[in-house]
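Below is one structure, written out as structure tokens, with a few remarks after it.
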Amino acid sequence: MLGASLRSVGRLCSVRAICRGRGSGRGIGRFSASSTSLIFLPPIATTAAAPTSRFSSSISHYSDSNYTDDGGETHGITNRETNAYSAIELALDSVVKIFTVSSSPNYLLPWQNKSQRETMGSGFVIPGKRILTNAHVVADHTFVLVRKHGSPTKYRAEIQAVGHECDLAILVVESEEFWEGLSFLELGDIPFLQEAVAVVGYPQGGDNISVTKGVVSRVEPTQYVHGATQLMAIQIDAAINPGNSGGPAIMGNSVAGVAFQNLSGAENIGYIIPVPVIKHFISGIEETGKYVGFCSLGLSCQPTENIQLRTHFRMHPEMTGVLVSKINPLSDAHRVLKKDDIILAFDGVPIANDGTVPFRNRERITFDHLVSMKKPNETAQVKVLRDGEEYEFSVTLQTLQPLVPVQQFDKLPSYFIFAGLVFVPLTQPYLHEYGEDWYNTCPRRLCERALRELPTRPGEQIVILSQVLMDDINAGYERLADLQVKKVNGVEIKNLKHFSQLVENCSMESLRFDLDDERVIVLNYQLAKIATSRILKRHRIPSAMSRDLIQKQDSSEAELACLS
């Protein structure tokens, strides 16, 4: 997927999320409910994203910046004033406050959730009686309410679609009473540098609507903290405050973007999601009925700014481009491109040696943006220099999933328990359970695999032994934790579903697990099956496997019954 290219393990892109109670999918800020009101407790900063193994078409970039995941208010006066009064008039009839009750999964105990918490954010009405907001405002939701300006009544809202990569979500409200007096906002264009915008929302510090101003200072691909992707973003000269998440940035009579995060450790630097990203998100939903994602070439590339490097690869002085370092085996690019190819142009647009392409008035932007604006299954023409010869290939763009998922919002973790051994697929949220400094405190071997390894076939997962629930049957194995499971009775496993089937269908007296670091676990199969029920009852675990595995096993059995 577009956004997180290969990163050096030695350089950690430290990212923080401090949205008002939401951000990275783990508990951050919190609201505690009293009998009369919601009380805000100080947000707890937590690492939301770090270097990932996801492939993009971009140059590998590194940053020591800390981003915070939120919406925000802006400040500042410019020569090109936005009429604050007109922004207020638009906002009063279109911007709403969102109240979310959410409960995130517990990846260390995947059969249960963490404590429920209440959070707040902002949103605004768009055509079609829909509300646009940030995905992190409603991530892992269990209940969502909205309230329009000037009304004491909260209305139940449902999530129509959510895109965690682009940090956007669409809400719908069935009550016709709610829509009385509301008007929708139109989407505008990307603002130019130094143009003024008015950011509207419900930031912390009060309960009523807030309108503040700022100016556009930069437009370029930026890391989206919530989804750990790299997409175009607009930087404004004001901090984005907790609670403003999902609020519109208004320029003139239209929306220039959606407030969503800021740069922690810096003053007056906030970010808004630009209209092209918003339109890509909405059009995909309108065409297919669901979120379609953002495409990727499936490449990791390197700049060719060094003259010796260009000479080695036979680049003429007038040629510019980037060097292909790695190719995702599941991408269409793997079919036509090779390592050490030089990508000279994308869809006819020449790529500079630093990986940028022309953008607007003497601005430049990484060619990631051109790729991200393509829709799934669209083709692109890629001009390549290979062994001194120029070629042109047609590549189909796809949404590519990494071997180790970077985020897992709005879904329950998968798990399988046998004889007290807890098996789960490796995900970055699982590693995040090691705390803010998870990159340095989690098992190094798992971290390396999460950030570097690529899938070789669809549906592939890294299955790990997470922990051991002690019992007589597994005595002596209790120290074997956080190790990858490679084989079951000599058969290499593909994913957790395949693993569970191998265990459930075992016909041998002994069951052998081959783990990482050449460790081995051997169990008497029948005794282990009996012990599993005893252990589940002792720990009050409702099922030996997650619901998704039960459903998959039921479908497999139904297919076999039909065939017989």
Side-chain angles (χ1 to χ4, degrees), residues 1-7 52-61 165 220-221 229-232 276-277 280 283-284 292-306 309-360 363-402 454-456 458:
M1 187 48 138
L2 181 77
S5 53
L6 288 180
R7 299 175 187 274
T52 76
S53 61
R54 305 173 77 186
F55 279 78
S56 76
S57 58
S58 68
I59 303 299
S60 294
H61 290 294
E165 292 165 308
E220 65 181 4
T229 52
Q230 188 130 347
L231 296 170
M232 177 184 280
V277 176
H280 186 285
S283 64
V292 298
F294 287 78
C295 291
S296 172
L297 276 173
L299 306 177
S300 175
C301 298
Q302 175 183 332
T304 59
E305 296 172 296
N306 184 277
L309 183 69
R310 295 198 301 273
T311 302
H312 176 77
F313 287 103
R314 305 183 199 176
M315 295 178 67
H316 300 303
E318 70 279 4
M319 284 183 176
T320 61
V322 290
L323 175 67
V324 176
S325 303
K326 286 188 178 181
I327 308 175
N328 190 319
L330 300 186
S331 68
D332 188 57
H334 191 266
R335 175 181 57 86
V336 292
L337 299 182
K338 297 181 179 179
K339 177 177 167 57
D340 290 348
D341 280 349
I342 304 291
I343 300 180
L344 304 175
F346 180 86
D347 270 349
V349 180
I351 301 172
N353 292 327
D354 63 351
T356 62
V357 294
F359 175 69
R360 300 197 310 187
E363 296 176 70
R364 298 194 68 84
I365 193 169
T366 58
F367 82 102
D368 266 354
H369 177 63
L370 302 181
V371 179
S372 67
M373 290 299 101
K374 290 279 190 178
K375 294 181 180 178
N377 298 319
E378 282 189 347
T379 59
Q381 299 302 311
V382 180
K383 190 177 180 181
V384 169
L385 178 69
R386 178 183 297 168
D387 298 327
E389 299 290 334
E390 291 187 31
Y391 300 89
E392 189 154 326
F393 299 109
S394 179
V395 178
T396 301
L397 299 177
Q398 302 163 327
T399 56
L400 299 173
Q401 301 302 320
L454 303 175
T456 58

For Arg314 and Asp387, the nearest pair of non-hydrogen atoms, with its separation, is NH1-O, 2.9 Å

On a heavy-atom basis, the closest approach of Asn328 and His334 is O-CB, 3.5 Å

So do the side chains of Val277 and Met373 get within less than 4.5 Å of each other, counting heavy atoms only?
yes

**Prompt:** Is there a donor-acceptor pair under 3.5 Å between the side chain of Thr396 and the backbone N or O of Asn377?
**Reply:** no

| query | Between Thr356 and Phe367, is any pair of side-chain heavy atoms under 4.5 Å apart? | reply | no

Residue set satisfying side chain to side chain contact (heavy atoms under 4.5 Å, CB included) with Thr311, at least two apart, ordered chain then number -> Ile307

Across all chains, not counting sequence neighbours, the side chain to side chain contact (heavy atoms under 4.5 Å, CB included) partners of Arg360 are Ile190, Phe192, Val219, Glu363

Find out whether Asp347 and Leu370 are in side-chain contact, i.e. whether some heavy atom of one side chain is under 4.5 Å from a heavy atom of the other.
-> no

Quick one: are Leu297 and Ser331 in side-chain contact, heavy atoms under 4.5 Å?
no

Show the numbers, then the answer: is there a side-chain hydrogen bond (donor to acceptor under 3.5 Å, both in side chains) between Thr304 and Asn353? CA-CA 5 Å; Thr304 59; Asn353 292 327; 3.0 Å; yes

Has the side chain of Arg310 got a donor or acceptor atom that lies under 3.5 Å from a matching backbone atom of Pro317?
no

>> Students often mix this up, so state it plainly: with edges at 30° and 60°, are the rings of Phe359 and His369 parallel, tilted or perpendicular?
In response: perpendicular

- Message: When you measure from the side chain of Thr229 to the backbone of Glu165, do you find a donor-acceptor pair of N or O atoms at a distance under 3.5 Å?
- Response: yes

Query raised in the report: Is there a side chain to side chain contact (heavy atoms under 4.5 Å, CB included) between Thr320 and Leu344 once you walk through the steps?
Result: CA-CA 6 Å; Thr320 61; Leu344 304 175; over 6 Å; no

Report yes if the side chains of Arg364 and Pro358 come closer than 4.5 Å at any heavy-atom pair, otherwise no. yes

Checking Val292 against Thr399 for the side chain to side chain contact (heavy atoms under 4.5 Å, CB included) test, could you report, in this order, the C-alpha distance in whole Å, the side-chain angles of both residues, the deciding distance, and whether it holds?
CA-CA 8 Å; Val292 298; Thr399 56; 6.0 Å; no

Only residue of Glu392, Glu390, Glu389 satisfying salt bridge (Lys or Arg N to Asp or Glu O under 4.0 Å) with Lys383 is Glu390

*Is there a side-chain contact between Ile342 and Met319 (heavy atoms, below 4.5 Å)?*
no

(Q) A side-chain contact here means heavy atoms from C-beta on lying under 4.5 Å apart; do Gln381 and Ser394 qualify? (A) yes

task = Report yes if the side chains of Glu305 and Asp354 come closer than 4.5 Å at any heavy-atom pair, otherwise no.
result = yes

